[in-house]
Asks: 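Take a look at the following structure, please.
Heavy atoms only: backbone and side chains are in, while hydrogens, waters and symmetry mates are out. Computed from a prediction, not measured in an experiment: that's the story for all the values here.
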Amino acid sequence: MALILNIDTSTSVCSVALARDGKMIALKENNEGLNHSVLLGTYIDEILKDNHMDAHCLDAVAISMGPGSYTGLRIGVSMAKGVCFGAGKPLIAVPTLQALALSVSERIREEALYCPMIDARRMEVYTAFFDRNNQQVIDTKAEIVDENSFADLLAGHKIYFFGNGSDKVRMLLTAPNAHFMGQVETSARHMIPLAEELFGRQEFVDVAYFEPFYLKDFIATTPKKKVI
């Protein structure tokens, strides 16, 4: 149905995937840190050139909309808008947590709750809950986690926790229903099914006015030592 360029810079992973009709045909990504401003443009250029295309060949650009890293999201959205403006293509916004949840629920296919977690500094995570059909059942929020987190849900449901924020609760949540999935990172490849579905429904966002889903305000830190 569509040729879509998928971009995810919501965490420390910088990821670009090219997909045709919901099937990935190319992927470039790096998970070594927040160097998206250096890598992202190069990845997009390379992935298109390697497939003998330019941005005008695309049907749409999809961006992982957040929540996640404030700086990462801004870089990704700015780049996605630039590609859309330059080639006259529509923009698709894919919820970051939903894409991450789908990557796990499609593999496990159990009647359970799926809880993606993205690190939000200190003992806080961005999280939401999805069922086995990738339907969101609890709203996205910034959650400060402790040993009592999600106790009511864990009493009655098997829950899979994953994502780069899940290590914060791995040692805290000892209920039998708590299960942890290692090595599950955000990636543009996880966006592909949702981006294709949104394209099919023609659900686009306004390229000029779209803003990432930050969930909470950016807080700038002040250096402890003055630099002269």
Side-chain angles (χ1 to χ4, degrees), residues 1-11 13-29 43-44 47-48 51 53 55-68 72-73 76-77 79-81 83-84 87-118 126-140 160 162-163 181 184-215:
M1 183 183 295
L3 180 68
I4 301 176
L5 184 71
N6 298 270
I7 299 170
D8 191 338
T9 55
S10 59
T11 66
V13 180
C14 180
S15 182
V16 180
L18 185 64
R20 188 189 300 277
D21 301 335
K23 304 293 183 182
M24 187 174 74
I25 58 178
L27 173 70
K28 287 186 177 291
E29 64 183 10
Y43 281 179
I44 292 172
I47 211 168
L48 291 173
N51 288 276
M53 300 175 184
H56 292 89
C57 298
L58 300 171
D59 292 303
V61 177
I63 184 67
S64 185
M65 62 181 284
L73 290 171
V77 168
M79 182 64 71
K81 286 185 174 186
V83 176
C84 289
K89 303 300 178 179
L91 180 63
I92 299 169
V94 176
T96 302
L97 292 173
Q98 187 178 13
L100 191 58
L102 182 62
S103 73
V104 173
S105 61
E106 281 190 327
R107 283 188 287 145
I108 296 177
R109 298 185 181 279
E110 288 184 17
E111 194 63 52
L113 293 179
Y114 296 85
C115 181
M117 290 182 164
I118 292 177
Y126 300 125
T127 190
F129 286 83
F130 299 83
D131 65 18
R132 65 177 296 181
N133 298 314
N134 201 232
Q135 298 300 304
Q136 188 164 350
V137 295
I138 295 179
D139 289 344
T140 302
Y160 286 96
F162 47 90
M181 305 286 294
V184 179
E185 297 281 357
T186 53
S187 173
R189 68 182 184 274
H190 301 329
M191 300 167 55
I192 292 171
L194 295 175
E196 180 71 15
E197 181 180 331
L198 290 167
F199 182 89
R201 298 201 301 261
Q202 298 288 284
E203 291 188 19
F204 306 125
V205 295
D206 190 296
V207 177
Y209 295 104
F210 173 74
E211 290 291 332
F213 178 35
Y214 294 120
L215 192 56

Asks: Supply the atom-to-atom distance E196 CD to N6 CG, rounded to the nearest 0.5 angstrom.
Replies: 9.5 Å
Asks: Just so I know, are the side chains of E29 and E185 near enough to count as touching, which here means a heavy-atom distance under 4.5 Å?
Replies: no
Asks: So L58 and L18, do their side chains get closer than 4.5 Å, heavy atoms only?
Replies: yes
Asks: Mind checking side-chain hydrogen bond (donor to acceptor under 3.5 Å, both in side chains) for Y160 and listing every partner two or more places apart, or none if nothing turns up?
Replies: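 Y160 satisfies side-chain hydrogen bond (donor to acceptor under 3.5 Å, both in side chains) with E110, K158 only.
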Asks: Tell me, with the steps shown, if Y114 and I108 meet side-chain contact (heavy atoms from CB on, under 4.5 Å).
Replies: CA-CA 10 Å; Y114 296 85; I108 296 177; 3.7 Å; yes
Asks: Which atom pair, heavy atoms only, marks the closest approach of V137 to F130?
Replies: CG2-N, 4.2 Å
Asks: Do S103 and V184 come within less than 4.5 Å of each other through their side chains, counting heavy atoms only?
Replies: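 Sidechains of V184 and S103: in contact.
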Asks: Of the non-hydrogen atoms in L5 and I47, which two are nearest, and what is the gap between them?
Replies: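 Looking at all heavy atoms of both residues, the shortest contact is CD1-CG2, 3.9 Å.
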Asks: Taking the side chain from N134 and the backbone from Q98, do they hold a donor-acceptor pair closer than 3.5 Å?
Replies: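 Yes; at least one donor-acceptor contact below 3.5 Å.
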Asks: Looking at T140 and T127, would you say the former's side chain and the latter's main chain have a donor-acceptor pair under 3.5 Å?
Replies: no
Asks: Only one of L48, V207, V61, I63 forms a side chain to side chain contact (heavy atoms under 4.5 Å, CB included) with V83, so which one is it?
Replies: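 Only one option passes, and that is V61.
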Asks: Which heavy-atom pair separates I192 from K23 by the least distance, and what is that distance?
Replies: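 So the minimum-distance heavy-atom pair works out to CG2-N, 4.2 Å.
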Asks: Report the distance from atom CE of M181 to atom CE of M117, rounding to the nearest 0.5 Å.
Replies: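 Spacing of CE (M181) from CE (M117) equals 14.5 Å.
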Asks: Between CG of L97 and CD1 of I118, what distance do you get to the nearest 0.5 Å?
Replies: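 If I round to the nearest 0.5 Å, the distance is 4.5 Å.
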Asks: For the atom pair CZ (F199) and CG (D59), what is the distance rounded to the nearest 0.5 Å?
Replies: 4.5 Å
Asks: Drop me the distance from I4's CD1 to M191's CE, to the nearest 0.5 angstrom.
Replies: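 The CE atom of M191 is 9.0 Å from CD1 of I4, to the nearest 0.5 Å.
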Asks: Quick check: does any side chain N or O of R109 sit under 3.5 Å from a backbone N or O of E106, one acting as donor and the other as acceptor?
Replies: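 Side chain of R109 to backbone of E106: a pair is present.
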Asks: Is there a donor-acceptor pair closer than 3.5 Å between any side-chain N or O of R132 and the backbone N or O of A112?
Replies: no
Asks: Which heavy atom in A128 sits nearest to a heavy atom in P116, and how many Å separate them?
Replies: O-CD, 3.3 Å
Asks: List the atom of F204, the atom of I92, and the distance in Å for their closest heavy-atom pair.
Replies: CD2-CG1, 3.7 Å
Asks: For the side chain of N51 and the backbone of M53, is there at least one donor-acceptor N/O pair under 3.5 Å apart?
Replies: no
Asks: Please answer whether the main-chain N or O of D8 pairs with a side-chain N or O of S64 as donor and acceptor at a distance below 3.5 Å.
Replies: no
Asks: If you take all heavy atoms of C57 and L3, which pair is closest and at what distance?
Replies: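 Scanning both residues, the minimum pair turns out to be O-CD2, 3.4 Å.
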Asks: Does the K89 side chain pair with the main chain of H56, one donor and one acceptor, at a distance under 3.5 Å?
Replies: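 Yes, the answer is positive, given that a donor and an acceptor are paired below the 3.5 Å cut-off.
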Asks: Treating H190 as the side-chain partner and V104 as the backbone partner, does any N or O pair qualify as donor plus acceptor under 3.5 Å?
Replies: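 Not at all, since once roles are kept as given, no pair shorter than 3.5 Å links the two residues.
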